[in-house]
Amino acid sequence: MRLIEFNGMSRPVCEWAKLTGISSDTITKRLNLGWSAEEALTTPVGKQGRRPKPALAPSLAHELPTLSDWQRDMHAAHRQMTRSVRSFVRQMEEQMAELRHGLDQHLAAQRDEAHRNAATTPGVGQKSQEIVRDRCPRVTQESV
């Protein structure tokens with residue numbers, strides 16, 4: 001049984017543990033690490049060895065936004081970005097529709113031109129109606 005003398009009283013570790021509220025193991029470890037009896041019995045548990053959190057410089061603390069401010073700003077930025085993306089997609093869809101329309105018109109004009117040419121220049125010894133009947137029907141994507 002180890003006796004510790006503190007404030008003129010000598011008591012075993014287990015009694016000091018009951019009086020201080022610090023476990024006897026903690027008191028014993030502290031003494032074995034070279035702590036004085038006063039330090040071992042008066043230092044609150046959990047405070048030794050931990051570094052205090054550094055205080056922010058006053059100027060920096062005022063410049064940092066609060067979490068609610070940051071959340072509000074991020075939400076507004078997200079809304080703006082969403083609007084921009086939707087606008088861009090709409091513009092691309094309009095351009096694609098214009099391109100499709102132009103391509104359809106171009107293909108229709110080529111088809112009409114081909115029909116006009118076929119009607120005016122029949123094949124050797126054939127009439128234009130015979131040429132048209134002779135052709136194989138086009139295979140379309142839907143019929144495959």
Side-chain angles (χ1 to χ4, degrees), residues 1-2 4-7 11-144:
M1 179 185 296
R2 184 172 184 177
I4 302 172
E5 187 174 329
F6 176 63
N7 282 345
R11 298 177 186 238
V13 174
C14 60
E15 285 186 32
W16 282 117
K18 289 177 186 173
L19 289 172
T20 61
I22 300 172
S23 75
S24 58
D25 287 341
T26 301
I27 294 172
T28 303
K29 286 178 187 176
R30 288 175 174 183
L31 293 171
N32 290 340
L33 288 171
W35 290 33
S36 69
E38 180 182 0
E39 289 175 324
L41 297 174
T42 59
T43 303
V45 177
K47 298 296 182 189
Q48 75 283 352
R50 293 192 184 163
R51 294 181 186 155
K53 292 182 181 177
L56 292 175
S59 61
L60 182 62
H62 292 289
E63 292 175 14
L64 293 176
T66 63
L67 182 58
S68 59
D69 292 340
W70 181 83
Q71 182 183 16
R72 183 193 62 236
D73 294 345
M74 289 297 104
H75 186 65
H78 180 264
R79 277 195 320 264
Q80 179 59 40
M81 185 177 63
T82 301
R83 277 189 228 114
S84 297
V85 168
R86 286 181 180 158
S87 173
F88 175 76
V89 168
R90 256 191 312 274
Q91 289 174 354
M92 291 297 106
E93 288 173 343
E94 289 170 2
Q95 288 180 6
M96 290 298 295
E98 289 173 13
L99 287 172
R100 274 191 231 105
H101 180 68
L103 180 61
D104 289 343
Q105 286 181 334
H106 179 72
L107 291 175
Q110 277 186 336
R111 189 174 51 243
D112 293 344
E113 182 69 26
H115 284 299
R116 276 194 298 276
N117 287 341
T120 59
T121 56
V124 177
Q126 291 181 327
K127 295 183 182 171
S128 63
Q129 286 82 14
E130 293 173 0
I131 293 173
V132 172
R133 272 186 261 125
D134 241 6
R135 291 186 186 156
C136 295
R138 281 194 172 174
V139 178
T140 61
Q141 192 74 16
E142 295 83 27
S143 64
V144 174

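Arg30 is listed as a side-chain neighbour of Val45, based on a closest heavy-atom distance under 4.5 Å. Using a 4.5 Å cut-off on side-chain heavy atoms (C-beta onward), Glu113 and Gln110 make no contact.
Residue-environment remark: CZ (Arg83) exceeds the threshold of 12 foreign heavy atoms within 6.0 Å. For CD of Gln71, the number of neighbouring non-hydrogen atoms (other residues, nucleotides, ligands) closer than 6.0 Å is 12 at most.
One distance of note links CG of Leu99 with CG of Asp104; it measures 11.0 Å at 0.5 Å rounding. Distance check, rounded to the nearest 0.5 Å: CD of Glu98 to CE of Met96 gives 11.0 Å. The CD atom of Glu39 lies 11.0 Å from the CG atom of Leu33; values are rounded to the nearest 0.5 Å. If you take OG1 on Thr43 and CH2 on Trp35, they are separated by 4.5 Å, rounding to the nearest 0.5 Å.
For Trp16 (side chain) and Leu41 (main-chain N/O), no donor-acceptor pair under 3.5 Å exists by modelled atom type.
Side-chain contact check for His75 and Arg79: at least one donor-acceptor pair (N or O, by modelled atom type) lies under 3.5 Å.
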Open item on the list: One pair to check against side-chain contact (heavy atoms from CB on, under 4.5 Å): Arg72 and Ser68. What are the steps and the verdict?
Closed with: CA-CA 6 Å; Arg72 183 193 62 236; Ser68 59; 5.9 Å; no
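Contact record, Ser23 with Ala17: C-CB, 4.0 Å, taken as the closest heavy-atom pair. Between Leu31 and Ala40, the shortest heavy-atom contact is CD2-CB, 3.9 Å. Minimum interatomic distance between Val13 and Thr28 (heavy atoms only, all atoms of both residues): CG1-OG1, 3.7 Å.
Between Arg90 and Glu93 there is no salt bridge, since no side-chain N of the basic residue sits under 4.0 Å from a carboxylate O of the acidic one.
Every residue meeting the salt bridge (charged side-chain N to carboxylate O under 4.0 Å, His left out) condition with Glu15, not counting sequence neighbours, appears here in chain and number order: Arg11.
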